[in-house]
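One structure is given below, encoded as structure tokens.
Quick note on labels: first sequence line is chain A, next is B, and so on, each numbered from 1.
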Amino acid sequence: MRHCQSIGVVASLIVATLAGPASAQMFDWVPESRAGGKLLLTGGVSTIEGSGGGGLATWAVTSGYGAEDGIGGNVHATYVNLPDYELRSWGAAASFWDRVEVSVARQEFDTGATGALLGLGSGFTFTQDIVGVKVKVLGDAVYDQDSWLPQVAVGVQHKSNDQGAIIAAVGGRDDEGTEVYVAATKLFLAQSLLVSGAVRWTDANQTGLLGFGGDRNDDVEPQFEGSVGYLLNRNLVVGAEYRTKPDNLGFAGEDDWFDVYAAYALNRHLSVTAAWVDLGSIATFEDQRGLYLSLQVGF
Amino acid sequence: MRLFLLAAAVFALPVTALAQEADAPLELPPVVMSTEHPGEVAVEPYDRSNAHAGATPFEGTAMLEAFHGVEGIGRVVDAMIDLSIEDPRIAGTFVSHDMVRLRRVLKEQFAYILGAPVDYSGRDMATSHRDIGLQAADMGALVENLQIAMDREGVDFRAQNRFLAKLAPMKDDVVTR
Ligand code: HEM
């Protein structure tokens, strides 16, 4: 956690510098780079994988507040407290002209005391790095209110896990994986309702935290992730998410993920997301439900 | 920049009119005031139609009530414009434009869309914004000011969003850059 905090502080400093009055000059080297053209929360919040979305599910929006004539970016730190584990994630995303989003994230899946029970050693931690690119292909989730067409984006995420040997020992096939997804997001403004769905082609075990492919199944398969959100006011959205996952490993079953969340944007530079997540069974430890807290700083 | 030149030109009108005789001819249309609407600058004639409002009106009176009637709409439009002409992001856009006319036709447009028995007498959105050169971020800024204005009027958030859903598609006509 101390790690997260110091990164959070450094990140806030960087973002404060970028988003400050100097931004106009700083962004001179990127054409069409006005900051802050989008409305609050319309870039989503940072997912645990670094891209813009609802927290667990990825959306078709580009992260940050740059509109077609601008750029946006943010950093995030996320902490998930589960009965037998702890998940930490931090990363950064940058979006150009509300078209292309690039993101990086590091996840730490900390087994804590459970590590000893699993024979891995207390505090054993899987670390996964994720690099992602998302491209908006059509539609505008916010402004196209005269049509049913959602905003659609395609994306790719490359994930690499640092615990190849353990992953192999539990039946995982790979410590690296590349996932492709298609996401569709629509704000039904007249109903104050946001709906988003994505299909991700993946063979990741617990999103890659336990590697890719397994003894039970080694095929890449489409999985679904979806969010709904209800806007309570300009700053606050509450909602729920669902994410299906493969079940590739023989030694431990894997469940779909679910959460209910509230995302609060203080302004374009700071937002906080709190959620109650149900991550089901992880590495034989059942009922991993707990609190999800995420801080996002950006422009 | 063009706008500033225009502003300067309008101010300098009597002077340039004189100077024109001596120097190279400077083509500047004279400012003619509207006879129909005192205080407004006359505009080129155009067809009038409620279709120019760019959206179909709400049925029933719920939306109109949420905005506290035509008076409430007037306050919302005035607050939105007051905020926008002070907003460093977009203030420059309004310089040298006829704010008396803009306030009047915007009030008509909003009232018409919100279901009041009011006709819209202004130009269509594409024509009105064709030469302004707005970007998507300008639209965002204006919507934000409108949201603040609606908050101040105490318009229920869900009603705000229903109204914004009518305005949102106009972005295609308004944003030209
Ligand atoms: C959905 C969004 C918008 C609506 C509904 C809207 C509505 C209107 C209306 C009704 C007029 C007057 C038309 C007439 O004179 O006949 C107008 C003119 C104007 N609008 Fe907008 N507008 C929108 C967006 C914007 C934005 C984003 C800006 C700038 C930030 C802007 C700046 C102006 C200016 C400067 C004029 C005056 C044009 C002139 O003097 O001829 N508008 N708009």
(Q) If I measure from the heavy atoms of chain B, does A:Glu32 come under 4.5 Å with its side chain, its backbone, both, or neither? (A) side chain
Q. B:Arg162, B:Gln135, B:Arg89: which one forms the most heavy-atom pairs within less than 4.5 Å of chain A?
A. B:Gln135
Q. With respect to chain B, which residue among A:Arg268, A:Gln191, A:Lys38 yields the maximal number of heavy-atom pairs within a distance under 4.5 Å?
A. A:Arg268
Q | Full working for salt bridge (charged side-chain N to carboxylate O under 4.0 Å, His left out) between A:Arg34 and B:Asp138 | A | CA-CA 10 Å; A:Arg34 280 176 80 169; B:Asp138 299 317; 3.0 Å; yes
Q) Above 12 or not: heavy atoms from other molecules or residues under 6.0 Å from CZ of B:Arg158? A) no
Q: List the atom of B:Val143, the atom of A:Tyr143, and the distance in Å for their closest heavy-atom pair.
A: CG2-OH, 4.3 Å
Q: Give, as side chain, backbone, both or neither, the part of B:Met139 having an atom under 4.5 angstrom from any heavy atom of chain A.
A: both
Q. How long is the gap from CG on A:Asp146 to NZ on B:Lys166, to the nearest 0.5 Å?
A. 10.5 Å
Q. Quick one: CG on A:Asn233 to CD on B:Gln160, what's the gap to the nearest 0.5 Å?
A. 9.5 Å
Q: Measure distances from B:Asp151 to the heavy atoms of chain A and classify the residue's part below 4.5 Å as side chain, backbone, both or neither.
A: side chain
Q: State whether the number of non-hydrogen atoms from other residues, nucleotides or ligands found under 6.0 Å of A:Arg234 atom CZ is greater than 12.
A: yes
Q.
Is there a side-chain contact between B:Met170 and A:Gln145 in this structure, where contact means two heavy atoms from C-beta onward sitting under 4.5 Å apart?
A. no
Q | Min side-chain heavy-atom separation A:Leu39-B:Gln147 under 4.5 Å | A | yes
Q) Does B:Asp47 CG have over 12 foreign heavy atoms under 6.0 Å away? A) no
**Q.** Which atoms of B:Arg177 approach chain A - backbone, side chain, both or neither, heavy atom under 4.5 Å
**A.** neither
Q | Under 4.5 Å from any heavy atom of chain A - which part of B:Ile148 | A | both
Q) Okay, side chain of B:Asn161, backbone of A:Ala190: is any donor-acceptor separation there less than 3.5 Å? A) no
Q) Any sub-3.5 Å donor-acceptor pair from A:Asp69's side-chain atoms to B:Ala137's backbone N or O? A) yes
Q: May I ask you to name which of A:Val142, A:Leu232, A:Leu189 has the most heavy-atom pairs under 4.5 Å with chain B?
A: A:Leu189
Q.
If you define the side chain from C-beta out and look only at heavy atoms, does anything of A:Asp140 sit under 4.5 Å from B:Lys171?
A. yes
